[in-house]
Amino acid sequence: MQKLEVFGANKLKGQIKISGSKNASLPILAATLLSSKKITLKNLPKVRDIETMLTLLKSLGSKVKFEKKKTIIDNSKQNKKFASYNLVKTMRAGILVLGPLLAKYGSAKVSLPGGCAIGTRPVDIHLKALSKLGVKYRIDQGYVIANAPKGLIGNKIRFSKVSVGATENLIIAASFAKGTTILSNCAIEPEIKDLVNFLNEMGCNIKWISSRAIKIIGVTELKEISYSIMFDRIEAGTYLIAAAVTEGNLKISNIIPEIIKTEIKVLKKLGSKIIIRKNELEIVGTKKIKSMKIKTAPYPGFPTDLQAQIMVLLCKANKMSIIQEEIFENRFMHVAELNRMGAKILTQGNKAIVEGNINFAPAELMATDLRASVSLILAALTAKGKSVINRIYHLDRGYENIEKKLNKVGAKIKRVY
Ligand code: UD1
C-alpha cells in the first residue's frame, strides 16, 4: 500500500496553481447523463473520485474520450440505468446519477453510497425530494430501486435541511421534469452555482429566485457544449493553510478570491497577511498566530472540508481555540493522529478544544478520510524529521498531484510504493 514520507520542517515559498474542482465536476459529470449531445469538459481534476465517476458513467453506457486537456462525454448511446455497489461504495457522489437516470428513463437502480467515514451520511433528503417529483422507491439489499410511473413532474419542494448533494440531484432531475419546480432551502455552495451555469449553457431553464430558492422549468432538448469547471476552493484553502502553518509565502493562482472570502477573513484574523489579486492570492504566514472560535457551516460559512486543516493551524495559535463541527457528526478522526504528533486537542461532542503553542513531532500516521489525510501532511510539514502517512488512497481521491505541487514550493515529500 502506498504511503507518503514527509520530511519537515521547511517554509513553503513559490506559486501553486489550483486544479479544477472535484466537487463541481462530480455533479456536472452526473448531469451529462441528461444529454445525448457531445459535451466537452475542461479543467476536470485528475483525482480518483473523478476516475470513479467516469468509470460509473462508462458502466452506464457513456463514451468517454480524452483529448489533450479536455474530456469528451458522448451519451448518444448511453442506455443503462443500473449503478452498482462496486462503483458507488467508494464515493458518496455516486448517488448523483439517480436524479438524471430517473429524469431520462423514469426508472433506475442505484446502490446506496459509501464515501468518507465521517458520519452516517444518509440520502433520505434526496429520496424524499425525488418522491415529490413523482418517484416511488424502495430500498432492497443496499440498492435504491426507483421509478416514476408518469415521468417526473415539477413540484414545490422545501428541503428539510441544507444538503449539497440533495440540491444537486434535484436540480438535475427537475431540469428534465414536466413543468415547473421550485426548490427552497437549497445549498448555495459555489459548486452548485457551477452546476446551474453548466445546465443553463446546455439549454436548461434554471433561475435563482432568492438567495436559497431556485425555479426550474423542465426542458426536453439540450445542445452540444464545451464547459470549463470552476477551481477547487478546498484545494486553494488547503494550500493557503499550508503557507500559514509553515510560516511560508505562497501565491495561490487560478482562483476567484471572492469565492473564498470567508477563508481569507479567517486566515487574516489568525494573523496571516493576504494580498488579493485578480485570479490569485498571495499569503505570508507568521509565527504569531492568534486563537479563534470557528464553527463550520454551509456556504458562505466556514467549510467543513477545511476543518481538519484549520485545526492544524490553531494548534500553533498563542492560546486555546475552539472548533465546532456543525455539518458532520463524526468528523474529528484526525484528532487522535494529531495528538500522536504532540497536539493537545480534546473533543466534546461536536466541539474540539485546541490548545495552542504546539510544536508537532514527526510520527507514523494513518489517514482516515480525505481531508483528515491532508491535515496530517500539514502537521508533518512543520514537524522536524520524517513522518510517514499510511492509507493515502483517501488523499488521492481529492488532491491532484499533491506531493508534486508541494515539493515545487519547498516541501520534501516522497511517495513510497
Ligand atoms: C458535499 C461535499 C462534501 C462536503 C459536504 C458539506 C461533494 C461531492 N461532497 O457532500 O465534500 O463535506 O457537501 O459541505 O460535493 N444529510 C442527511 N440526509 C441526506 C443528505 C445529507 O441527513 O439525504 C446530512 C449529512 O449526513 C450531513 C449534512 O446533511 O450531515 C450535509 O450533507 P450534504 O450537504 O448532503 O453533503 P454531501 O452532498 O454528501
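Start at 1 and go down the list; that is how both ligands and their atoms are numbered. Heavy atoms only: backbone and side chains are in, while hydrogens, waters and symmetry mates are out.
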Check your understanding: Of all the atoms in ligand 1, which lie at a distance below 4.0 Å from a heavy atom belonging to Arg331?
Key -> 12 (O)

Review point. Can we say Asp305 and Arg331 salt-bridge, meaning some charged N sits less than 4.0 Å from an Asp/Glu carboxylate O?
Key: yes

Point to revise | Glu329-ligand 1 polar pair, N/O distance under 3.5 Å | key: no

Point to revise | Subset of ligand 1 atoms that lie under 4.0 Å from at least one heavy atom of Asp124 | key: 17 (C), 18 (N), 19 (C), 22 (O), 23 (O)

Point to revise | Any side-chain donor near an acceptor of the partner, Gln141 and Tyr85, under 3.5 Å | key: no

Review point. Under 3.5 Å, N or O to N or O, is Glu168 touching ligand 1 that way?
Key: no

Point to revise | Identity of the nearest option to atom 29 (O) of ligand 1, non-hydrogen atoms only, from His126, Lys22, Lys161 | key: Lys161

Revision key, fill the gap. Tested for side chain to side chain contact (heavy atoms under 4.5 Å, CB included) against Ile252, the lone hit among Thr238, Asn279, Ile18, Ile260 is Ile18

Point to revise | Atoms in ligand 1 with a heavy atom of Thr304 nearer than 4.0 Å | key: 6 (C), 12 (O), 14 (O)

Point to revise | Working for side-chain hydrogen bond (donor to acceptor under 3.5 Å, both in side chains), residues Ser107 and Lys81 | key: CA-CA 7 Å; Ser107 67; Lys81 41 190 184 167; 2.8 Å; yes

Exercise for review: Give the numbers and elements of all ligand 1 atoms closer than 4.0 Å to a heavy atom of Arg92.
Suggested key: 20 (C), 21 (C), 37 (P), 39 (O)

Check your understanding: Do Glu235 and Lys405 have side-chain heavy atoms sitting under 4.5 Å apart?
Key -> yes

Review point. Between Glu191 and Arg233, does at least one N-O distance fall below 4.0 Å, as a salt bridge requires?
Key: yes

Check your understanding: Hey, is Arg415 close enough to Glu403 for a salt bridge, meaning N to O under 4.0 Å?
Key -> yes

Review point. Do Pro122 and ligand 1 have an N or O pair less than 3.5 Å apart?
Key: yes

Exercise for review: Return a yes/no value for Val164: is any of its N or O atoms, backbone included, closer than 3.5 angstrom to an N or O of ligand 1?
Suggested key: yes

Exercise for review: Could you list the atoms of ligand 1 found under 4.0 angstrom from a heavy atom of Leu26?
Suggested key: 8 (C)

Point to revise | Where ligand 1 meets Gly165 - atom numbers and elements under 4.0 angstrom, heavy-atom basis | key: 35 (O), 38 (O)

Check your understanding: So, Ser373 and Tyr399: side-chain donor and acceptor under 3.5 Å apart, yes or no?
Key -> no

**Study point:** Sub-4.0 Å heavy-atom approach of Glu191 to ligand 1
**Key:** no

Check your understanding: Is any N or O atom of Ile327, backbone or side chain, closer than 3.5 Å to an N or O atom of ligand 1?
Key -> yes

Check your understanding: Measuring from the heavy atoms of Met53, does anything fall under 4.0 Å of ligand 1?
Key -> no

Study note, to complete from the structure: Nearest heavy atom to atom 2 (C) of ligand 1, choosing from Ile234, Leu370, Asn23, Ile192, belongs to Asn23

Review point. Around atom NZ of Lys351, are there more than 12 heavy atoms of other residues, nucleotides or ligands at under 6.0 Å?
Key: no

Check your understanding: Which of these passes side chain to side chain contact (heavy atoms under 4.5 Å, CB included) with Leu33: Ile172, Ile73, Leu60?
Key -> Leu60

